[in-house]
Every structure is written in structure tokens, then in C-alpha cells.
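So you know, we letter chains A, B, ... as the sequences are listed, proteins then strands, and number each from 1.
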Amino acid sequence: MQNAALARQFDQIAAYLELAGDSIFKIRAYREAASAIADYPGPIEDADLNAIEGLGSATIAKSREWFKTGKIKVLEALKAQYPAGLLEVMRVPGLGPKKVQLLWKEKNIDSIAKLQVALDADELDTLNGFGPKTRENLKTALRRLGELTSRTPLPDATGTATKILTALIERSPDAHIEIAGSLRRGAETVGNLNFVASSEDATPLLDTFAALPLFETIIARDETTVKARLHDGVEVELVVAPPVRFGTQLWFSTGSKSHIESVDAPPAFTSEREVFAHLGADYIPPELREGRDEWERARAHTLPALLETRDIRGDLHTHSNWSDGVASIRQMAQAMTDRGYAYFAVCDHSKALAMTNGLDAFRVREQAHEIAEVQADFPNLKIFRGIECDILRDGTMDLDDELLSELDFVVGSVHSAFNLPLAEQTDRIIRAIQNPHVDLIGHPTGRVLGVRPPYDVDVPALIEAAKKTGCCLEINASERLDLKDDYARIAKDAGVLLCIDTDAHSPKMIPNISFGVATARRAGCEAKHLLNTKTLADLLEWMRHR
DNA sequence: GCCGTTTTCGGCCCGACTGTTTTCAGTCG
């Protein structure tokens, strides 16, 4: 399977062309080719490229060139023309191709490190377009970027861990290996990846692991452990324990540190359940092992019966090709059926988000016809008419109340004016919470893990407001995990109903629900704390009383 | 660069915000 590697070539071409200031349509074409290749279900090297939508004569020729030579000349030429560091400078919020080019040509800045030095030394004040405000904004952006990218978001870390596991199992089919560490605990971001394996003889497995082609270097090795580094800098550790102490090792490697240090070190056990039994406690799910009150509760047999992914009966925030989704309503319906869901809501963007081809009143009503058509062919799946309606700067909704009242489910979301002062941003969203047509606030703090920090907003105040009106708050799965676990816990404790949605823009995003479930579990949520664990009948009843 | 024709090139992702520009370019969602 070379899909990911080839897709990466085209993504890189797109990034360089963006830097070069090339046509945004050409750039988009390369990005679409990359995602078509990444999404292709089989090995791309065996595919009929002409039959893949998004690939044309130019990208097909480049694909064949890459299959044959392992390189694409156009990309090599671009790499020779621009230092690789310019691409990372492009990722700084506030810097686009023009400003990056200027920094490079005028000040020889071709890395984030050099940009930081130049900012600290006040070397940019003579540069056109870099006034005092811009320089200050850049300093803030760099600080935030450092915080944002120092750890890997849960979804990405899960993908990487799966890749490593797959590669290892391919080479050692009989190995018994588990994911441990903060990834197993479902933390929103992950520092290192930890694995624990069970084997009488550690050496062969450690050899196999150390030889995986995924690693850049092996950092350390002893008789039980190999520590390696991936190309993106993430450290990966495999500990091999004999079967008689696998349970203890898994518990230990899962952490957290404060959870482990709260008790005396247990002796060797085969399973984690024996570890907890030895410590006089019920089994504590990994998501709760954060050194809060889990030991007391586990000893008093009062741990919550945490939500499971199988408790989720539908997805109430999804997109289609009516706005910026890539799949038709029918394709999404099929994917929801395949997953075994009882219902889902089509919630495309509203008109304020023009870039996404957001829907105005006319198209919202047009879409109803298509939903009805598809619904007729899916008797066992309820398709709700929904919208992800922009909450405008002043807290009013992008579409009027009369239209919203026609819809089954209304998600209100902020996609603009992220930099309002705390009080103003909070009031804006509370106003949406108080709109009787708004059923759910989507991604309430606006963050995107590794990309964008949350806007300034008083989340406890939102929770209070939601409690009063009965509006739900979202745990947006996927790349946001918003609300985050701590806020979700506060909302749950306040009696606010939460809803885990994927915000899926394609069928392949639908399984992301599990990341939201992990977040809810860390918040101590049981099935009853979620809106979309309701049966269809109960959900319809809930909607009637909204 | 891809697509879809109206077969040979035009349309595709638009509108608002921001800072510094002295009338608008660059960036972003």
C-alpha cells in the first residue's frame, strides 16, 4: 500500500505551489488528487488511475513517474527552489505566501527558529507590512504554535499507533501487544506512544520492533525495552514483559503517573484485573486513571458505568456535498446504515460561511426534497433535516427563526470573529443558547487540536445558560475534541445533556466518534448523559418537547 | 490542474476582517 506516500507527494507539491503563489485552483486540484489517492480503498499502485475522480492527465503522469523512479521531478525542482523550512513558516497564523516570501527574500528567514530570533531582536520593523501590531501578533502566534504542536492530537496519534501495530503484527503474527500510555487513556493529545507486549523471550520481538522501517532512529535499548523516534519526532516505546507480569506492566505503562503513585507498587500479575483486585479496587477504566478520585471510588464500588461507543445510536452533526462535505446525502445515509446507526442529521453550513457554499433559505428548502427522496430508500434509518447555522458576531443566527423552526435539529456554531473579548464572545454564544430553535452548540470553544487554540469564552457561563434553556452542548469528535474532557465533566455534573458528533465531511470520518466517546469517558459520562444514545423514539420525544 | 462540455476553454472558493496601505493587499474561515 503506497497510497499515503504518494498522497504526501501531491500534498507537498500543493504546499510549495501555495508558497510560490500559484493558482488556488491548481493547488486545490493537487490537494484533491492527494485525498483521492489517500482515500482509495485498495493499493493505489494496482489501481486504474483513469477511473479515479480527482486524478487527471497531469497527476496520473506524475503518479506513474513516482511508481517508476520513486521521485516526481516537479516536486524535486520545487524542493531545490525553496528551503523546506518555508513550509513550516507558512503554517504560522498570520503568514501567507506573500509575507513568507518577503521574510525569506529580505531577511533570509527560512525557519520558525529564525523568525523567532528576528522577532526577538526587533529586526522586522523596517519590513513592509510588518507594523507593530503584526509583529506582536506573530509573537503570540509563535508562542501558541509551540504549545499546540508539541504534542500529537489523539486522532493522529491513534492513526500512527495503528500503523506501528499493524507493521509489528505483520512481522510477528503471534505477538500479544497492547497500546498503553496516554493514548490508551484517551487523552486529547499524546506525547509519546507506549506499547506493552507479552512474551517469555523479549529479544526476537524487540529485534523486530527496532527494525521497523517507520523509525528514524533507535534512541535506547535494554533487555526489556526499545525506545525509538519517528520521522516527525514522536518517541515510541515498546516494553516486553513475561506473561506472568504482563498485567502489572500494562497497568504501569498506561499510567498516569499520579494514578500509579497513589498506591503501593503491586507484584507481578497476568492481567490488570488482578492488579486492581490486589489493590482492593474495582477495575478502573484507563480513561479514569488520572489521579483524581478514582481509587476512592473504585474501592467504594461507585465508579460510573462509562459510556461505550456501541451506546451511540446516531450522529447529529454531519455534512454533505450541499456545502463542504464530499459525499452525497445518499452516500452518507448508506455509511450511517453500514455503521448500524438508527438516525443521523444532515447539518450543512449556512450562508454566512460562503466559502463552504453555505445554504440560504431557498437551498435549505430544496435540500428537504433530496432528504425526503433518500429517506424513502432507507426505511430503517431516520434522516433528520438539520443545519449547522452560523452564530453571527452579535449572537443572532444566520438564518431566521421561521426557517429554523422548520428543521428537525439545529446546531449553532461560531466560525467567525474568534478574537472578540471574553465577555462579548460569551454573551454572543449565550444568545444563541437562548434561541429556542437552537438544539445544540457545536464545538463550543472553537479549538482545533494542533492548529488553533480556543477563543476566549467563559465555558461555565455557557453551561449555566444551557442548563436553563435545555440546549445541548457538543463534544465534537474528530480533530477538535470540543468540549474538552474537563468542561464536559462540568456540563455533565450540571445536568446539561451532551451530544457526541463527528462533524463528518465524508463517510470515512464517521468512525471518529470513538475519539469523542473517549473524551466523554474521561469526563465520567454514562450513556444517560448523552443525547445521541437515545433510541429514535426517545429522541423524537425529546425533540417534541424542545 | 480537473472537469465538462456549450470540443477547446472557462469555471472552479466567496466575503469579511485586519493592519497599515493613504486607497487596499494579505490572510483566513
Say whether, by atom type as modelled, one donor and one acceptor occur between the side chain of R339(A) and the main chain of Q334(A) under 3.5 angstrom. no
Looking at the side chain of F25(A), which of dC12(B), dC2(B), dG29(B) is the nearest nucleotide? dC12(B)
Taking the same atom, C1', in dT8(B) and in dC2(B), what whole-Å distance lies between them? 14 Å
Got R330(A) and F378(A) here, is their nearest side-chain heavy-atom distance under 4.5 Å? yes
Taking CG from L138(A) and P from dT20(B), how many angstroms apart are they, rounded to a whole number? 10 Å
Of the options dG1(B), dT20(B), dT18(B), whose atoms approach the side-chain atoms of T134(A) most closely? dT20(B)
Reckon T356(A) has a side-chain N or O less than 4.0 Å from the OP1 or OP2 of dG29(B)? no
Using heavy atoms to find the nearest nucleotide of DNA chain B for R393(A) and G54(A) separately, return the residue whose nucleotide is more 5′. G54(A)
Pairing nucleotide - dT8(B), Watson-Crick or G-U, each distance under 3.5 Å: none
For the side chain of R28(A) and the base of dC2(B), is some donor closer than 3.5 Å to an acceptor across the two? no
Between K26(A) (NZ) and dC3(B) (P), how many Å, whole number? 16 Å
Taking only the side-chain heavy atoms of K99(A) (C-beta and beyond), determine which of dC14(B), dG1(B), dG26(B) contains the nearest atom. dG26(B)
Scan L95(A) against the nucleic acid and name what it touches under 4.0 Å (heavy atoms): base, sugar-phosphate only, or nothing. sugar-phosphate
I24(A) CD1 to dT27(B) P, straight-line distance once rounded to whole Å: 14 Å
Taken to the nearest whole Å, CZ/R91(A) to P/dG29(B) is 13 Å
Check every strand shown and say whether L55(A) touches a base, only sugar-phosphate, or nothing at a heavy-atom separation below 4.0 Å. sugar-phosphate
Please table the atom pairs, donor to acceptor, closer than 3.5 Å between any side-chain atom in residues 351-362 of chain A and protein atoms at least two apart or in another chain.
residue	atom	partner	partner atom	Å
K351(A)	NZ	D398(A)	O	2.5
K351(A)	NZ	D398(A)	OD1	3.3
T356(A)	OG1	L353(A)	O	2.7
N357(A)	OD1	R363(A)	NH1	3.4
D360(A)	OD1	F362(A)	N	3.3
D360(A)	OD1	R363(A)	N	2.9

Which nucleotide in the list dG29(B), dG1(B), dC3(B) gets nearest to the side chain of E53(A)? dC3(B)
Between dC28(B) and dT20(B), how many Å separate the two P atoms, rounded to a whole number? 15 Å
Per A354(A) side chain, nearest of listed nucleotides dG1(B), dG15(B), dC28(B): dG15(B)
Backbone N or O of H443(A) within a donor-acceptor pair of the E474(A) side chain at under 3.5 Å? yes
What integer distance in Å separates R480(A):CZ from dG29(B):C1'? 10 Å
Which of dT18(B), dG1(B), dG29(B) is nearest the side chain of Y30(A)? It is dG1(B)
Please determine, for the side chain of S57(A), which listed nucleotide (dT20(B), dT18(B), dC2(B)) has the closest atom? dC2(B)
Contacts of W104(A) meeting ring pair (Phe, Tyr, Trp, His ring centres under 6.0 Å) (sequence neighbours excluded), chain-then-number -> Y82(A)
K98(A) NZ to dC28(B) P, in whole Å, measures 13 Å
Working to the nearest 0.5 Å, report the span between CH2 of W66(A) and NZ of K62(A). 15.0 Å
For dG11(B) versus dT5(B), give the span between their C1' atoms, rounded off to a whole number of Å. 12 Å
Tell me what N137(A) touches on the nucleic acid: a base, only sugar-phosphate, or nothing, going by heavy atoms under 4.0 Å. sugar-phosphate
Quick one: is N419(A) getting a side-chain N or O under 4.0 Å of the dT18(B) phosphate, OP1 or OP2? yes
The test is side-chain contact (heavy atoms from CB on, under 4.5 Å); show your working for L392(A) and M397(A) and say whether it passes. CA-CA 6 Å; L392(A) 303 180; M397(A) 302 302 290; over 6 Å; no
Same-atom distance (C1') from dC13(B) to dG29(B), integer angstrom: 11 Å
Rounded C1' spacing from dC14(B) to dC9(B) in Å: 23 Å
Starting at CD1 of I391(A) and ending at C1' of dA16(B), how long is that distance when rounded to a whole Å? 18 Å
Residue R452(A), side-chain heavy atoms: nucleotide from dC17(B), dT27(B), dG29(B) that is nearest: dG29(B)
Value in whole Å for how far the P atom of dC2(B) lies from CG of L17(A): 12 Å
